[in-house]
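In what follows, a structure is listed as structure tokens, so that the remarks can point back to it.
In what follows, every heavy atom counts, from backbone to side chain, and hydrogens, waters and symmetry copies are set aside. Just so you know, these numbers come straight off a predicted model, no measurement behind them.
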Amino acid sequence: MLETFLCYAIFGLSAVLSVPSGIYAVECSIGSLPLQRRRVAEFGLKANAAVTAVLVPAHNEESGIADTLANIGAQLCDQDRLIVVADNCSDRTAALAQEAGAEVIERFDVDRRGKGYALDAGIRHLEKMPPEIVVLMDADCRLGEKALERLRASVLASGMPGQSRNLMTAPDGAAPNLLIAEFAFLVKNYVRPLGLVRMNLPCHATGTGLAIPWHALRGADVAHAHRVEDMKLGLDLASAGYAPRFCEEALVTSQFPCSGEGANAQRRRWEGGHLEMIRSELRSLVNPLVLRNPARLALALDLMVPPLTLLVLLLASVMLLSVMLAASGLSSWPLVIATVNLALVFVATLGAWYVHGRKALPAATISRIPLYVLWKLRLYPRALLGANEGWVRTDRDKDVSGESRT
């Protein structure tokens, strides 16, 4: 009886993991094919004539806010607006933003802290004189060449929100862990969305470089402290019929935190929030409203793929259990499925690295991936159980040290 239960349990685990493994493999494979790039429609003067407001929520960002605003300002047209929401700041963020020529909203509410609340304050401010397009930018990001123009063109062409190619880079001389993290981020925010857009499917909002038509944004519920407010906003927009579309040519970049403490906190927030969204979204897969909305359903299925490190750990664990089951002579079917799952993820990741990731992750660093996986394993208990602590600025200012060098 126990043996039968174990067989069914491990078989079930293998079958369940086939879903995220297959989705991941399809997205990465299509995103890595040598296809001709899809070009954003060239709207030229028409795109630049669309009144745009760039909304920057900021919390204690005095060390970099001036550079960020200068970068954004260089791409603004005469009719555009730049709004900074200085949220619960105790430094000179607001003063520096005013000096840079931005409209500044200072907000103080210790009980309602977080990027979502800051965005809500900015949206309420814009209601007095609504723009045509709102671009959400984090205070530590940089626009690539013509990124704002290309985002505007994407929104005008599709009528849908446009999500930029949002990439994070490791600082010069960074430890191998950050190089591996840069590659994992590239797969999540570039290779997989590229696969989705090639299948004419929407992508998730990734937190910065997101351009939204005003009529789609004005009714959005953003006043919350969800750990991945960007992902939730993208799902809410898709539910309302405005699923984000990937705009490959609009590049937005930022840099990973240098400090071990900052890097750990950032990853716990992202991955804990992602796992929280997976739990809540499982119910949507049987929701008739979601099932009748192909774009929303596509995002729900894409969300079922957990963070890459966790997916690999789950696949490896089920593979080990399947090997033990087959060795005991009970059943080899779970091993067959587990092997296929692991092979799909491995081949798809290798293809993504070969086509897109060799610059981010040199071949010599690949041998450090097992150590990186073990290091990440230590973060998951706290990421899964940790409560949302509101908006805590990521520590980016210290030298790379401690955990980051493992």
- request: Please test L186 against H356 for side chain to side chain contact (heavy atoms under 4.5 Å, CB included), starting from the C-alpha separation and ending with a verdict.
  value: CA-CA 8 Å; L186 181 143; H356 300 287; 3.8 Å; yes
task: Look at the side chain of Q75 and the backbone N and O of G144, then say whether any donor-acceptor pair between them is shorter than 3.5 Å.
output: yes
message: Working note: C7 + L325, criterion side chain to side chain contact (heavy atoms under 4.5 Å, CB included); need CA distance, chi angles, decisive distance, verdict.
response: CA-CA 7 Å; C7 285; L325 193 69; 4.0 Å; yes
L194 and its side chain to side chain contact (heavy atoms under 4.5 Å, CB included) partner, picked from V197, L196, V191: V197
field: Rounded distance (nearest 0.5 Å) linking atom CG of N166 with atom NZ of K188
entry: 8.5 Å
- prompt: Considering only heavy atoms from C-beta outward, does the side chain of T365 approach that of P176 to under 4.5 Å?
  reply: yes
message: Using every non-hydrogen atom in the two residues, find where A139 and P57 come nearest and quote the distance to one decimal.
response: CB-O, 3.9 Å
- request: May I ask you to test the L233-L210 pair for a side-chain heavy-atom distance under 4.5 Å?
  value: yes
task: For a side chain to side chain contact (heavy atoms under 4.5 Å, CB included) with V318, tell me which candidate from L335, V16, L342, L17 qualifies.
output: L17
statement: P306 and I278 have their tightest heavy-atom pair at CA-CD1, 3.9 Å
message: Please report the interatomic distance CG(L314) to CG(L310), rounded to the nearest 0.5 Å.
response: 4.5 Å
query: Looking at CG of L13 and CE of M319, how far apart are the two atoms once the value is rounded to the nearest 0.5 Å?
result: 14.0 Å
- prompt: For residues S239 and R296, is any side-chain donor paired with an opposing acceptor at under 3.5 Å?
  reply: yes
query: Any luck finding a side-chain donor-acceptor pair between T349 and Y24 under 3.5 Å?
result: yes
query: If every non-hydrogen atom of E182 is compared with every non-hydrogen atom of A360, which pair is closest and at what distance?
result: OE2-CB, 3.6 Å
message: Is it the case that the side chains of R142 and S254 hold a donor-acceptor pair, with the cut-off being a distance below 3.5 Å and no angle test?
response: no
Full working for side chain to side chain contact (heavy atoms under 4.5 Å, CB included) between L299 and H204: CA-CA 7 Å; L299 291 181; H204 285 285; 3.8 Å; yes
query: Any donor-acceptor pair under 3.5 Å linking the side chain of D109 with the backbone of R112?
result: yes
task: State, with a plain yes or no, whether a side-chain heavy atom of R368 is found less than 4.5 Å away from one of I180.
output: yes
field: Exam field: side chain R92 to backbone E61, donor-acceptor pair closer than 3.5 Å
entry: no
- request: State whether the side chain of E103 and the backbone N or O of L82 hold a donor-acceptor pair below 3.5 Å, judged by distance alone.
  value: no
message: Quick test of your reading of the model: are R124 and E127 salt-bridged, counting only N-O distances below 4.0 Å?
response: yes
message: Determine whether a donor-acceptor pair (N or O, by modelled atom type, separation under 3.5 Å) exists between the side chain of E132 and the backbone of V51.
response: yes
field: Backbone of H59 reached by a side-chain donor or acceptor of N88 within 3.5 Å
entry: no
side-chain hydrogen bond (donor to acceptor under 3.5 Å, both in side chains) against S284, all qualifying residues, sequence neighbours excluded: E281
- prompt: Is any side-chain heavy atom of R165 less than 4.5 Å from a side-chain heavy atom of E249?
  reply: no
field: R107 backbone acceptor or donor facing D87 side chain under 3.5 Å
entry: no
query: Would you call V104 and E106 a side-chain contact if the rule is heavy atoms closer than 4.5 Å?
result: yes
query: Quick one: do the T93 and D91 side chains pair a donor with an acceptor below 3.5 Å?
result: yes
message: Are the side chains of V222 and K115 in contact, using a 4.5 Å heavy-atom criterion?
response: no
message: For a salt bridge (charged side-chain N to carboxylate O under 4.0 Å, His left out) check, start with the C-alpha distance between D80 and R152, then their side-chain angles and the critical distance, and finish with the verdict.
response: CA-CA 12 Å; D80 294 337; R152 280 190 281 228; 2.6 Å; yes
- prompt: Should the heavy atoms of other residues, nucleotides or ligands under 6.0 Å from CH2 of W214 be counted, would the total exceed 12?
  reply: yes
query: After noting the C-alpha distance and the side-chain angles of E229 and H224, does the key distance pass the side chain to side chain contact (heavy atoms under 4.5 Å, CB included) rule?
result: CA-CA 8 Å; E229 76 294 320; H224 53 74; 3.7 Å; yes
message: Quick one, H215 with Y242, criterion ring-ring contact (aromatic ring centres under 6.0 Å, His included). Give me CA distance, side-chain angles, the key distance, then yes/no.
response: CA-CA 10 Å; H215 60 269; Y242 298 103; 5.4 Å; yes
task: Calculate, to the nearest 0.5 Å, the distance between atoms CZ and SG belonging to R245 and C247 respectively.
output: 13.0 Å
Charged tip of R192 within 45° of Y190 ring normal and under 6.0 Å: no
statement: Shortest non-hydrogen pair, V345 vs L315, comes out as CG2-CD1, 3.6 Å
- prompt: For M168, does its backbone N or O pair with a side-chain atom of T253 as donor and acceptor, under 3.5 Å?
  reply: no
query: Going from CG on N60 to CD1 on I65, what distance comes out if it is rounded to the nearest 0.5 angstrom?
result: 11.0 Å
- prompt: Counting only N and O atoms by type, is there a donor-acceptor contact under 3.5 Å from the side chain of N341 to the main-chain atoms of S14?
  reply: yes
- prompt: Got a second to check how far S154's OG is from E149's CD, nearest 0.5 Å?
  reply: 12.5 Å
field: Contact summary for V252 and C141, nearest pair of heavy atoms
entry: CG1-CB, 3.8 Å
message: Within the structure provided, determine whether I337 and S18 are in side-chain contact (heavy-atom separation under 4.5 Å).
response: yes
query: Hey, is the main chain of G207 close enough, under 3.5 Å, to the side chain of D230 for a donor-acceptor pair?
result: yes
query: Heavy atoms, side chains only, cut-off 4.5 Å: are L297 and L285 in contact?
result: yes
query: Cut-off 3.5 Å, side chains only: do Q163 and T206 have a donor facing an acceptor?
result: yes
message: Looking at every heavy atom in both V187 and P193, which two are closest together, and how far apart are they?
response: O-CD, 4.2 Å
task: Mind jotting down which residue pairs meet the ring pair (Phe, Tyr, Trp, His ring centres under 6.0 Å) criterion with at least one end in residues 304-331? Sequence neighbours excluded, please.
output: none
